[in-house]
Amino acid sequence: MDNKFPGKDITLEDLKTKFPLCAKKHKKHKSQFNISGVSFGRNTIPIFAGPNMVESRKLILDVAKNVKKIGAHFLRGGAFKPLTFPYRSKKYNETREKGIEWLYEAKKKYNIPVITEVMEEKFIPLVSEVADILQIGSRNMQNFPFLSACAKTMKPIMLKRHYGASLRDWLGAAEYILYEGNKKVILCERGVSVPHTHRSTSRFLLDLQVIPAAQEITHLPIVSDPSHATFWRPWVRSMTLASVAAGADGIMLEVHPDPKNSAVDPLQPIDYKEFASIIKNINSISKIIYKKKNFINYLL
Ligand code: PEP
Ligand code: MN
């Protein structure tokens with residue numbers, strides 16, 4: 001079979017038979033849609049910012065106020081968290097239903113749309129009431145019945161790439177969502193695992209190459225999450241800018257007022273000052289390379 005994309009695990013045939021809905025119909029085909037006043041696939045780079053976890057009411061209100069002021073388009077934060085180990089200190093408790101309430105309060109008070117993870121089918125209705133975008137975490141990327149159930153809400157969905165998934169697997173998962181008639185699908189690269197024989201410089205490795213690779217094949221917007229990928233605050237700026245240069249359609253960043261004391265993954269969040277400075281850099285880079293602008297005028 002002809003392989004239009006040598007070296008990749010995607011063939012020309014796959015575009016027609018495996019993910020016809022994800023695949024571009026022509027070279028310039030790009031999905032353009034609006035989520036809560038923010039446009040995707042156009043001349044903007046939407047920014048998703050917030051803590052890893054919705055730790056407390058006070059925290060999420062503070063973050064919402066500050067990231068909105070600095071220029072974030074969406075407030076992120078997990079109330080339901082896929083934590084790697086089952087043990088919890090008091091600090092590590094998921095805030096669950098309470099956290100969703102606090103996100104709602106922050107959203108209303110500061111007029112900022114919200115993206116938050118949903119992990120279980122039974123919580124889809126609750127999370128959908130508050131979230132402007134349902135986040136499907138990397139660990140659920142191939143939970144196909146769950147993908148279909150989320151898709152049926154017709155809420156916009158961000159599908160994070162599993163750290164072991166190929167582009168083919170990732171697009172196959174996105175196809176399940178599109179297949180339900182839900183067209184507002186955003187892909188998010190968040191770092192891949194490297195084989196233990198080739199130890200990475202960090203927990204995950206940001207697959208910058210998947211951005212142009214995905215852009216060749218799919219019309220869906222592709223967001224990059226350098227916080228989860230690097231797992232290391234000092235590298236977040238350079239990998240964010242590299243993502244923009246590579247053609248990312250949006251950026252997700254972990255932002256916390258006191259990063260070292262973040263309840264989850266304290267090595268990766270950046271503080272407000274760093275966030276503001278990175279946003280300036282994103283603007284400069286995107287103006288030079290793509291003539292894009294990441295700010296959208298809010299009526300503050
Ligand atoms: C997150 O964004 O908080 C998260 C858990 O991400 P991932 O699913 O990519 O690990
Ligand atoms: Mn996380």
Side-chain angles (χ1 to χ4, degrees), residues 35-39 44-79 81 91 94-95 98-117 130-133 135 158 188 190 223-241 243-244 248 250-286 293-300:
I35 302 176
S36 307
V38 181
S39 60
T44 55
I45 297 185
I47 308 290
F48 306 78
N52 189 309
M53 183 155 94
V54 182
E55 296 169 30
S56 66
R57 177 174 176 271
K58 185 167 173 275
L59 174 90
I60 204 66
L61 287 172
D62 192 69
V63 176
K65 179 177 161 191
N66 283 283
V67 298
K68 165 87 190 239
K69 202 158 63 189
I70 295 166
H73 305 97
F74 290 88
L75 174 67
R76 63 143 284 144
K81 290 295 305 171
K91 209 176 168 190
E94 287 170 278
T95 50
K98 270 268 163 256
I100 297 291
E101 265 177 45
W102 298 330
L103 276 170
Y104 181 72
E105 196 181 337
K107 164 175 163 158
K108 290 293 161 207
K109 185 155 186 200
Y110 297 108
N111 187 27
I112 182 166
V114 159
I115 176 166
T116 193
E117 179 160 355
V130 172
D132 296 83
I133 305 177
Q135 179 173 320
M158 176 185 278
C188 179
R190 46 78 72 216
V223 166
S224 172
D225 172 354
S227 302
H228 279 84
T230 60
F231 198 60
W232 184 233
R233 185 162 33 254
W235 300 344
V236 167
R237 179 193 300 264
S238 55
M239 289 303 101
T240 297
L241 300 181
S243 298
V244 173
I251 296 289
M252 176 173 269
L253 291 170
E254 266 186 25
V255 180
H256 193 287
D258 182 10
K260 289 194 182 75
N261 284 308
S262 167
V264 184
D265 299 340
L267 301 177
Q268 75 194 25
I270 51 172
D271 62 17
Y272 299 142
K273 202 167 151 232
E274 179 76 355
F275 179 56
S277 165
I278 291 178
I279 288 257
K280 275 197 190 134
N281 284 178
I282 293 174
N283 259 334
S284 312
I285 284 234
S286 54
K293 215 164 162 275
N294 77 296
F295 286 109
I296 287 182
N297 289 327
Y298 283 114
L299 298 171
L300 280 169

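Using a distance-only test at 3.5 Å, with no hydrogens or angles considered, no donor-acceptor pair links the side chain of Asp265 to the main chain of Gln268. Remark: the backbone N or O of Met239 is paired with a side-chain donor or acceptor of Ser243 at under 3.5 angstrom. In this structure, the side chain of Thr44 engages the main chain of Ser39 through a donor-acceptor pair within 3.5 Å. Checking side-chain atoms of Ser262 against main-chain N and O of Pro259 turns up no donor-acceptor pair under 3.5 Å. Looking only at distances, no side-chain donor or acceptor of Ser224 sits under 3.5 Å from a matching main-chain atom of Ile251. A donor-acceptor contact shorter than 3.5 Å links the side chain of Asn66 to the backbone of Asp62.
Between the CG atom of Asp225 and the OG1 atom of Thr240 there is a distance of 9.0 Å, given to the nearest 0.5 Å. One distance of note links NZ of Lys81 with CG of Asn52; it measures 3.5 Å at 0.5 Å rounding. Rounding to the nearest 0.5 Å places CD1 of Ile45 at 9.5 Å from CD1 of Ile285. From His228, atom NE2 reaches atom CE of Met252 across 8.0 Å, with rounding to the nearest 0.5 Å. Rounded to the nearest 0.5 Å, atoms CD1 (Ile279) and OG (Ser284) are 11.0 Å apart.
Between Leu103 and Lys107 there is no side-chain heavy-atom pair separated by less than 4.5 Å. With contacts defined as side-chain heavy-atom distances shorter than 4.5 Å, the pair Met158/Phe48 qualifies. At least one side-chain heavy atom of Pro51 sits less than 4.5 Å from a side-chain heavy atom of Leu59. Contact of the Ile70 side chain with the Val255 side chain is not registered, since no non-hydrogen atoms from C-beta on lie closer than 4.5 Å. A 4.5 Å side-chain heavy-atom check between Arg76 and Glu254 finds at least one atom pair inside the cut-off. You'll find the side chain of Leu75 stays beyond 4.5 Å of the side chain of Tyr110, heavy atoms only. The shortest distance between side-chain heavy atoms of Leu253 and Val67 does not fall below 4.5 Å.
Contact record, Asp132 with Pro113: OD1-CA, 3.3 Å, taken as the closest heavy-atom pair. Of all heavy-atom pairs spanning Phe275 and Ala49, the tightest one is CZ-CB, 3.6 Å. Closest heavy-atom contact between Pro226 and Val236: CB-O, 4.1 Å.
Put simply, the residue from Val114, Ile115, Val38, Thr116 that forms a side-chain contact (heavy atoms from CB on, under 4.5 Å) with Ile133 is Ile115. Tested against Glu55, the residues Arg57, Met53, Lys58 include a single side-chain contact (heavy atoms from CB on, under 4.5 Å) partner, Met53.
In the displayed structure, Phe231 atom CZ is contacted under 6.0 Å by more than 12 heavy atoms of other residues, nucleotides or ligands. With a 6.0 Å radius and a threshold of 12 heavy atoms from other residues, nucleotides or ligands, Trp235 has its CH2 atom above the threshold.
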Go through it in stages, so that I can follow the logic: the residues are Arg233 and Lys260, the test is side chain to side chain contact (heavy atoms under 4.5 Å, CB included), and I'd like the CA-CA distance, side-chain angles, deciding distance and then a yes or no. CA-CA 10 Å; Arg233 185 162 33 254; Lys260 289 194 182 75; 3.9 Å; yes
Step by step, would you call Lys68 with Asn111 a side chain to side chain contact (heavy atoms under 4.5 Å, CB included)? CA-CA 8 Å; Lys68 165 87 190 239; Asn111 187 27; 3.9 Å; yes
